[in-house]
Amino acid sequence: MSVVYTADVTSSGDGRKGTATSADGVLDLRLAGPKEVGGSGDGTNPEQLFAAGWGACFHSALRLVARNAKADLTDSTVTVSVDLVKGDDGYHLAARIVALLPGLTQEQADDLVAQAHARCPYSKATRGNIDVEVTAKV
């Protein structure tokens, strides 16, 4: 195995009330906790960033498996919802992935989404660690 890319991002300030900046300067975000957990809601938060990264990664994996299956995903979308859940042992995450694949049969969509979930690096990283519900809609 060899590393093909490394993303270096530094969090500074007060965690959820700070900033996140990439080493290359492309990412430069103000962070704020969501109002639902007492934050100001005036910036992005780690759950949104995780959902954005996972959604983009999953959609790329989905488009790859679709190309291999010669399926047209022209108008496809992937929505990832990341829940911050408070339990007796503190906070943890849960997620829902919904892939909208118009023009396919439900069987085709289910198959492609299952293949994408098996390939996506974010899905691999979270497998067995958080509750994830994956759905294909046509």
Side-chain angles (χ1 to χ4, degrees):
M1 254 202 281
S2 64
V3 174
V4 295
Y5 173 73
T6 299
D8 292 313
V9 177
T10 301
S11 169
S12 58
D14 189 15
R16 288 179 175 269
K17 300 178 214 167
T19 61
T21 308
S22 62
D24 62 7
V26 173
L27 182 75
D28 189 4
L29 298 172
R30 181 175 33 122
L31 302 173
K35 290 180 180 182
E36 294 81 355
V37 294
S40 69
D42 291 336
T44 193
N45 59 65
E47 293 74 31
Q48 289 173 329
L49 294 170
F50 189 58
W54 198 349
C57 186
F58 192 94
H59 205 178
S60 290
L62 182 60
R63 293 184 71 80
L64 174 66
V65 298
R67 269 193 307 276
N68 292 340
K70 303 204 181 332
D72 181 11
L73 295 189
T74 301
D75 295 322
S76 64
T77 61
V78 172
T79 301
V80 176
S81 301
V82 172
D83 301 318
L84 180 62
V85 181
K86 186 173 184 179
D88 293 337
D89 60 344
Y91 290 99
H92 66 274
L93 299 178
R96 293 173 311 286
I97 301 170
V98 177
L100 179 60
L101 309 173
L104 299 182
T105 67
Q106 188 64 52
E107 183 179 1
Q108 289 171 315
D110 289 342
D111 181 54
L112 292 175
V113 166
Q115 288 182 56
H117 193 45
R119 289 187 80 117
C120 172
Y122 277 73
S123 294
K124 289 178 183 180
T126 58
R127 192 164 290 121
N129 297 312
I130 67 172
D131 292 332
V132 181
E133 179 183 314
V134 183
T135 306
K137 294 185 177 182
V138 294

## Note on the structure
So CD1 of Ile97 and SG of Cys120: to nearest 0.5 Å the spacing works out to 6.5 Å

### Message
side chain to side chain contact (heavy atoms under 4.5 Å, CB included) for Leu73 and Leu101? Distances and angles first, verdict last.
### Response
CA-CA 6 Å; Leu73 295 189; Leu101 309 173; 3.8 Å; yes

### Message
Before you tell me yes or no, could you show the steps for Leu84 and Leu93 under side chain to side chain contact (heavy atoms under 4.5 Å, CB included), namely the whole-Å CA-CA distance, both residues' side-chain angles and the distance that decides it to 0.1 Å?
### Response
CA-CA 5 Å; Leu84 180 62; Leu93 299 178; 4.1 Å; yes

### Query
Given the rule that I, L, V, M, F, W and Y join up when any side-chain heavy atoms are under 4.5 Å apart, are Val82 and Leu100 in one cluster?
no

#### Entry: Set of residues satisfying salt bridge (charged side-chain N to carboxylate O under 4.0 Å, His left out) with respect to Asp72, sequence neighbours excluded
none

### Message
Could you report the tightest heavy-atom contact between Val78 and Leu62, atom names first, then the distance?
### Response
CG2-CD2, 4.0 Å

### Task
Taking salt bridge (charged side-chain N to carboxylate O under 4.0 Å, His left out) as the test, write out the residues that go with Asp14, two or more places apart.
Lys17

### Summary
Between Val80 and Ala51, the two heavy atoms sitting closest are O-CB, 3.4 Å

### Spatial distance of atom NZ (Lys86) from atom NE2 (His92) [nearest 0.5 Å]
12.5 Å

#### Entry: His117 vs Val132, side chain to side chain contact (heavy atoms under 4.5 Å, CB included): CA-CA, chis, key distance, verdict
CA-CA 10 Å; His117 193 45; Val132 181; 4.1 Å; yes

### Message
Test: ring pair (Phe, Tyr, Trp, His ring centres under 6.0 Å). Region: residues 20-51. Which pairs qualify, not counting sequence neighbours?
### Response
Phe50-Trp54, Phe50-Tyr122

### Task
Provide the closest heavy-atom pair for Arg119 versus Ala61 in the form atom of the first, atom of the second, distance.
CB-CB, 4.3 Å

### Message
Side-chain heavy atoms under 4.5 Å apart, restricted to Ile/Leu/Val/Met/Phe/Trp/Tyr: what other residues fall into the cluster of Leu29, or is it alone?
### Response
Val9, Leu27, Leu31, Leu49

### Query
Taking the hydrophobic residues Ile, Leu, Val, Met, Phe, Trp and Tyr, and joining any pair whose side-chain heavy atoms are under 4.5 Å apart, which ones share a cluster with Met1?
none

### Task
For Leu112 and Ala69, work out which heavy atoms get closest and say how close.
CD2-CB, 4.0 Å

### Message
How long is the straight-line distance from NE2 of His59 back to OG1 of Thr77, given to the nearest 0.5 Å?
### Response
6.5 Å

### Query
Sub-3.5 Å donor-acceptor pair from the side chain of Thr126 to the main-chain atoms of Ile130, do we have one?
no

### Query
So which heavy atom on Arg63 is nearest to which on Ser76, and how close?
NH1-OG, 3.4 Å

### Query
Looking at residues at least two apart in the chain, or sitting in another chain, which of them share a salt bridge (charged side-chain N to carboxylate O under 4.0 Å, His left out) with Arg30?
none

### Message
Does Arg96 form a side chain to side chain contact (heavy atoms under 4.5 Å, CB included) with Asp83? I'd like the steps, not just the answer.
### Response
CA-CA 8 Å; Arg96 293 173 311 286; Asp83 301 318; 2.4 Å; yes

### Query
Between Gly41 and Ala32, which heavy-atom pair has the shortest distance, and what is it?
N-CB, 4.1 Å

### Query
Are any of the side-chain heavy atoms of Arg16 and Asn45 separated by less than 4.5 Å?
yes

